[in-house]
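The first residue in the sequence is number 1, and the count goes up from there.
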Amino acid sequence: SRMRAALEAVAERAGWTEPLPEGRARGLACAGDGGTLVAEVAEISLDRDSGQIRVHRVIAAVDCGLVITPDGAIAQTEGAIVMGASAALLEEITVKDGRIEAGNFDRYPLLRHQDAPDVETILLQTTDSKPSGLGEPPIGPIAPAIANAFFALTGVRLRRLPMTPDRVKEALGT
C-alpha cells in the first residue's frame, strides 16, 4: 500500500494521463531500499540525429518514514536523481591495455548543471514509522524511468548503461 501511494502520487503530479508535446515521453519506475520507497517519472526527448537523450523533468514520490528535516530530504532526493541520471546517460569507465583511460575528471563525463533535469520531490509523510534514510534510494529508479520513457517514445528497449548517443543510435538502427 505504501508503494501504491507513491506510484499514485507521482503519476498525479506528473500529469500521467495528460498528453505531452510531440517528441516527448514519460517513463515510470519504482524501487525500495532499506525501508524507503521511491517512485519516479522521467520526461525525456530524443535528438534522433545525434542520439542524445535529454531528461527534462523528474518527479519523485518518496516514502522514507517519518521525515525529520524536509528540506534536507528534498535536497538528498534531488542530488541522488541528478547523480543517477548522470550515471544512466554518461558515466562509464573504460579500460585500454589494462589501464583506465580517464585518469581524472577532465576525461570522465558527468552531467553538467545546464543538462540537469528539473526535479520535483513529493515527500509522503508516514509518521507511524521510523525514518529510513534517503542516501541511495532515489538513485535506483532513475535509469529505468529514463529507459521506459525511451521505450514509450521509440518502441525500442535500451538494455545497457550508460545510454550514450552511440548506443542509442545503434539500438535505433541509425
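When all heavy atoms are compared, the tightest approach of F150 to I53 is CD1-CD1, 3.8 Å. Of all non-hydrogen atoms in P144 and P141, the two that sit nearest each other are CD-O, 3.3 Å. C64 and L134 get closest at one heavy-atom pair: SG-CD1, 3.8 Å. Contact detail for D49 and K169: the closest heavy-atom pair is O-CD, 3.6 Å. The two atoms that bring A29 and A145 nearest to each other are CB-N, 3.6 Å, heavy atoms only. Across L158 and A147, no two heavy atoms sit closer than the pair O-CB, 4.3 Å.
Remark: of the listed residues E40, R26, R13, R13 is the sole one forming a side-chain contact (heavy atoms from CB on, under 4.5 Å) with I59.
Of the possible polar contacts, one joining the T77 side chain to the A73 backbone as a donor-acceptor pair under 3.5 Å is found. Without hydrogens or angle criteria, S45 side chain to G23 main chain gives no donor-acceptor distance under 3.5 Å.
Within a 6.0 Å sphere centred on CD of E136, other residues, nucleotides and ligands contribute 12 heavy atoms or fewer. Other residues, nucleotides and ligands contribute more than 12 heavy atoms inside 6.0 Å of the CD atom of E92. When the shell of 6.0 Å around CD of E12 is examined, it contains 12 or fewer heavy atoms from other residues, nucleotides or ligands. Within 6.0 Å of CZ in R157 there are more than 12 heavy atoms belonging to other residues, nucleotides or ligands. Remark: M83 CE is loosely packed, at most 12 non-hydrogen atoms of other residues, nucleotides or ligands lying under 6.0 Å away. Enclosure of atom CZ in R54 by more than 12 non-hydrogen atoms of other residues, nucleotides or ligands within 6.0 angstrom is indicated.
For the atom pair CD of Q52 and CG of L89, the computed distance is 7.0 Å after rounding to the nearest 0.5 Å. Taken to the nearest 0.5 Å, the CG atom of L172 stands 5.5 Å off from the OG1 atom of T154. Between the CD1 atom of I74 and the OG1 atom of T69 there is a distance of 11.0 Å, given to the nearest 0.5 Å. Expressed to the nearest 0.5 Å, how far OG of S1 lies from CG of D63 amounts to 9.0 Å. Taken from CG in L124 to CE in M3, the straight-line distance is 10.5 Å, to the nearest 0.5 Å.
Proximity of P162 to L90: side-chain heavy atoms (C-beta onward) are nowhere separated by under 4.5 Å. Inter-residue side-chain proximity for D47 and P165 is flagged as unmet; no heavy-atom pair is nearer than 4.5 Å. No side-chain heavy atom of H56 sits under 4.5 Å from any side-chain heavy atom of D118. Using a 4.5 Å heavy-atom threshold, the side chains of E43 and L20 count as touching. R24 is not listed as a side-chain neighbour of R57, based on a closest heavy-atom distance of 4.5 Å or more. At least one side-chain heavy atom of Y108 sits under 4.5 Å from a side-chain heavy atom of I93.
Under a hydrophobic clustering in which Ile, Leu, Val, Met, Phe, Trp and Tyr are joined whenever their side-chain heavy atoms come within less than 4.5 Å, directly or via other members, W16 and V10 fall into the same cluster. Hydrophobic clustering (side-chain heavy atoms under 4.5 Å, transitive across Ile, Leu, Val, Met, Phe, Trp, Tyr) keeps L37 apart from V67. Cluster membership check: L161 shares its hydrophobic cluster with L153, using side-chain heavy-atom separations under 4.5 Å among Ile, Leu, Val, Met, Phe, Trp and Tyr. M163 and L28 sit in two unconnected hydrophobic clusters of ILVMFWY residues. Membership requires side-chain heavy atoms under 4.5 Å apart, directly or through other members. When hydrophobic clusters are built by joining Ile, Leu, Val, Met, Phe, Trp and Tyr residues whose side-chain heavy atoms come closer than 4.5 Å, directly or via intermediates, I142 is grouped together with V168.
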